[in-house]
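Below is one structure, written out as C-alpha cells; comments come after it.
For clarity, every value in this text was computed on a predicted model and none was experimentally measured. Indexing begins at 1, ligand by ligand and atom by atom, following the structure's order.
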Amino acid sequence: MRVDVVSIFGEYLAPLSLSLIGKARTQGLLEVRVHDLREHTHDRHRTVDDTPYGGGAGLLMKPEPWGEALDAVLADPPESAGERGPVLLVPSPVGEVFTQVAAVELAAEPWLVFACGRYEGIDARVVEHYRARGVRVREVSLGDYVLNGGEVAVLVVVEAVARLLPGVVGNAASLAEESHASEHDGLLEHPAYTKPATWRGLDVPAVLSSGDHGAVARWRREQALRRTARRRPDLLARLDPARCGAADLAVLAEEGFVPGAHGFLPAAPAVAD
Ligand code: SAM
C-alpha cells in the first residue's frame, strides 16, 4: 500500500517510522510519502491561509496550494493503483466517524492520500473539486472533539489500516479476536489475563485454566456480550440477532436487551400500575 500525506507539519508524521508500522515500511509492505504543502505556494511568506468569506474568527487554508499539491500527488500514482486511483482522506470533525469497518475497507485499497487541514480547516471547494473529478473522497473524523490539525488523524488511520495488511501483525488470527472485529460480531473484547494466576489477591477466573476449550469460548463470549451491553450499548444495535444462539440471547436478556429487526434494543421498561 502507498500512503501520501500532504501537510504543513511533515515532522508530525515521524512516528510512522516506529514499531510495527516502521517495520512494515522497511519490509516494503507500506510506502509512506510526506509532502510539504508550502512547496506549492508562490509568495515570499509561503502563505497557505487567509481570512474566511463572511467573517468570523480564525483563518482558513487557501484552495490554490491544495489544488497544486494534490494534483502533483495524483499525477504520480503507484503502479498498483490501476484505474480506480486513490481514496483521498480529509480528516475533519465534520466527517464520518472513523471505525474498524472503515479501516477494513481502506486496508483493501492500494493507495491512500491524506490532506491535513490546520487553522479552521480547508476551503470547502477543495473537497468539492476532487469529488467532481471522480476522486473517491472521504472526510473522516476521529470523534466528537476538535484537534488542531489532521496529522494526528493520519497517525491513527494509518496505524489502524496498516496493521490489517497481510504480514504487518505477526499473528493474523489475533486481529480477528479483537474488539470491533467483524469476525467477533463487532463486540468489545472479553477481559484478558496473563501470569501469575494470583496478583495482589486477585485471581484469574478459574475457567481460563480449566483446559476446557468450549467452556473458555463460552465464558469469553458471555463476557464480551456483557461488557458491550454495559459499556457500549450502541454497538448492540448492529449485532445481528441471527448470529446469536440461545445462550447469547439469554445473556443479553439479563443485561436488558432484546432482538429487534436489525440489532438489539433495550427492553421496554416495565410499566407500573
Ligand atoms: N473549523 C473546523 C470545525 O469547526 O469543524 C475545525 C478545524 S480544526 C481546528 C483544524 C483541523 O484539525 C481540521 O481541518 C482537521 O484536519 C483536524 N481535525 C480537528 N478535529 C478533528 C477530528 N475530530 N477528526 C479528524 N480531524 C480533525
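Under the 30°/60° scheme for interplanar angles, the aromatic rings of Trp219 and Tyr193 are found to be tilted.
Between Tyr145 and ligand 1, at least one N/O pair is under 3.5 Å apart. Distances between N or O atoms of Gly149 and those of ligand 1 include at least one value under 3.5 Å. Polar contact check, Leu142 against ligand 1: a nitrogen or oxygen pair lies under 3.5 Å apart. The shortest N or O to N or O distance between Glu120 and ligand 1 is below 3.5 Å. Polar contact check, Pro91 against ligand 1: a nitrogen or oxygen pair lies under 3.5 Å apart. Looking at ligand 1, you'll find an N or O of Gly150 within less than 3.5 Å of one of its N or O atoms.
Pairing each heavy atom of Val34 with each of Gly10, the nearest pair is CG1-CA, 3.7 Å. Among all heavy-atom pairs drawn from Tyr130 and Trp66, the shortest one is OH-O, 4.0 Å.
With hydrogens and angles disregarded, no donor-acceptor distance shorter than 3.5 Å links the side chain of Thr41 to the backbone of Asp43. Judged by distance alone, the side chain of Arg138 and the main-chain N or O of Val87 form no donor-acceptor pair under 3.5 Å. Of the possible polar contacts, one joining the Ser179 side chain to the Glu189 backbone as a donor-acceptor pair under 3.5 Å is found. Judged by distance alone, the side chain of Ser7 and the main-chain N or O of Phe9 form a donor-acceptor pair under 3.5 Å. In terms of modelled atom types and a separation under 3.5 Å, the side chain of Arg220 and the main chain of Ala192 share no donor-acceptor contact. Between the Arg118 side chain and the Met61 main chain, no donor and acceptor come within less than 3.5 Å of each other.
Nearest protein heavy-atom contact of atom 14 (O) of ligand 1 is Gly121 CA, 3.4 Å. Of all protein heavy atoms, the one lying nearest to atom 26 (N) of ligand 1 is Ser92 N, 3.4 Å. Counting only heavy atoms of the protein, atom 8 (S) of ligand 1 lies nearest to Leu147 O, 3.3 Å. With hydrogens left out, the protein atom closest to atom 10 (C) of ligand 1 is Tyr119 O, 3.2 Å, a heavy atom.
Close approach of ligand 1 to Val140 (heavy-atom distance below 4.0 Å) involves ligand atoms 25 (C). For ligand 1 and Gly117, the ligand atoms under 4.0 Å from any heavy atom of the residue are 11 (C), 14 (O), 16 (O). Atoms of ligand 1 lying under 4.0 Å from any heavy atom of Val146, numbered from 1 in the order shown and given with element: 8 (S), 9 (C), 20 (N).
Exactly one of Val6, Leu70, Ile122 qualifies for a side chain to side chain contact (heavy atoms under 4.5 Å, CB included) with Leu37. That residue is Val6.
Contacts of Asn148 with ligand 1, taken as heavy-atom pairs under 4.0 Å, involve the backbone alone.
Between the side chains of Glu64 and His42, no donor N or O sits under 3.5 Å from an acceptor N or O.
Across Pro93, Gly58, Pro52, heavy-atom proximity to atom 6 (C) of ligand 1 is greatest for Pro93.
Distance screen at 4.0 Å: atom 23 (N) of ligand 1 has a protein heavy-atom neighbour inside the cut-off.
Residue-ligand proximity: Ile122 is placed with every non-hydrogen atom at 4.0 Å or more from ligand 1.
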